[in-house]
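Worksheet for the structure shown next.
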Amino acid sequence: MPGFTCATCGNYHDELPLCFGAPAPDYYYSIPPEEREARTEKSADWCVIDDEHFFIRGRIEIPIIGYPERLVWNVWTSLSEHNFTRSQELWNDPLRVAEEPYFGWLQTVIPGYDNTLNIKTWVHTQPIGIAPQVEVFEEAHPLLLDQQNGMTLAHVQQIAERLLHEASSTSTQQ
Ligand SMILES: [Zn+2]
């Protein structure tokens, strides 16, 4: 893993972080902090708001051109109540890998794109213990193109330079 000289702080960082994400769906942050306990239910993997908005955490993986690892965004998508309930029922069932993908609206702001909220995704269930793979399919969206074509290492470094020094809901997750 190469270190890099950071354009933001001018220092050398030993590692290029490749995993970023948000600890909750974007909608969660629109709930006033003092109301969150009453209105939301949440684990590291799922979130329900007002008993009518259902979210699951997943991973968008983006190939890095000419590089063996991938850039990972930990993201949230909103599922239908039906699919959310199904994902909960099958949480510990090995047969869950046979699930058809669930439709999800992306619920995480991904830095570097004009808008990633409520773009269309497929949520692919993985074996027990592994977060779903999220596949963007919003037509012609730059995030879709990056997921299909990959990003350059230089571009990933630019993202890291920005996010390592930014206080926001999107944070480095190792
Ligand atoms: Zn820096």
Side-chain angles (χ1 to χ4, degrees), residues 1-37 40 42-47 49 53 55-79 104-124 126-127 129-174:
M1 176 67 67
F4 65 102
T5 303
C6 178
T8 303
C9 68
N11 292 327
Y12 186 82
H13 294 294
D14 289 335
E15 272 194 0
L16 176 61
L18 292 176
C19 190
F20 297 96
D26 200 70
Y27 187 63
Y28 177 86
Y29 299 103
S30 70
I31 311 287
E34 66 275 14
E35 296 176 18
R36 284 178 193 164
E37 194 180 323
T40 69
K42 186 173 171 310
S43 81
D45 302 303
W46 55 266
C47 179
I49 298 177
H53 302 286
F55 305 96
I56 192 167
R57 183 175 63 86
R59 292 155 64 89
I60 292 178
E61 295 194 355
I62 298 181
I64 303 173
I65 296 162
Y67 196 73
E69 294 184 63
R70 291 170 165 237
L71 175 65
V72 176
W73 296 106
N74 280 298
V75 297
W76 294 81
T77 64
S78 69
L79 299 183
W105 298 107
L106 194 62
Q107 270 292 304
T108 297
V109 174
I110 298 187
Y113 301 96
D114 281 348
N115 174 39
T116 59
L117 282 183
N118 296 316
I119 65 174
K120 296 171 194 161
T121 71
W122 293 118
V123 177
H124 297 271
Q126 302 295 308
I130 299 177
Q133 290 280 341
V134 175
E135 176 193 2
V136 176
F137 75 98
E138 182 84 17
E139 197 179 339
H141 194 282
L143 182 56
L144 167 68
L145 300 179
D146 282 346
Q147 192 168 37
Q148 287 178 341
N149 303 330
M151 293 170 75
T152 63
L153 192 59
H155 191 176
V156 174
Q157 185 177 315
Q158 283 173 2
I159 292 171
E161 285 166 348
R162 180 170 153 201
L163 293 184
L164 280 171
H165 298 286
E166 195 173 75
S168 79
S169 60
T170 304
S171 59
T172 309
Q173 293 178 342
Q174 292 297 338

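All values below come from the heavy atoms of this structure, side chains included, with hydrogens, waters and symmetry mates left out. All figures in this text were calculated on a predicted structure; none of them were measured in a lab. Numbering of ligands and ligand atoms starts at 1, following listing order.
At least one donor-acceptor pair under 3.5 Å links the side chain of S43 to the backbone N or O of D45. Between the side chain of T108 and the backbone N or O of N74, no donor-acceptor pair lies under 3.5 Å.
K42 contributes atom NZ, which lies 6.0 Å from atom OH of Y28 (distance to the nearest 0.5 angstrom). Of the inter-residue distances, the one linking Q157 atom CD with M151 atom CE reads 12.0 Å to the nearest 0.5 angstrom. To the nearest 0.5 angstrom, C6 atom SG is 13.0 Å from R162 atom CZ.
Residue-and-atom listing of protein N/O/S atoms under 2.8 Å from the Zn ion (ligand 1), sorted by chain and number: C6 SG, C9 SG, H13 NE2, H165 NE2.
Between F4 and H13, the two ring planes are tilted [angle within 30° to 60°].
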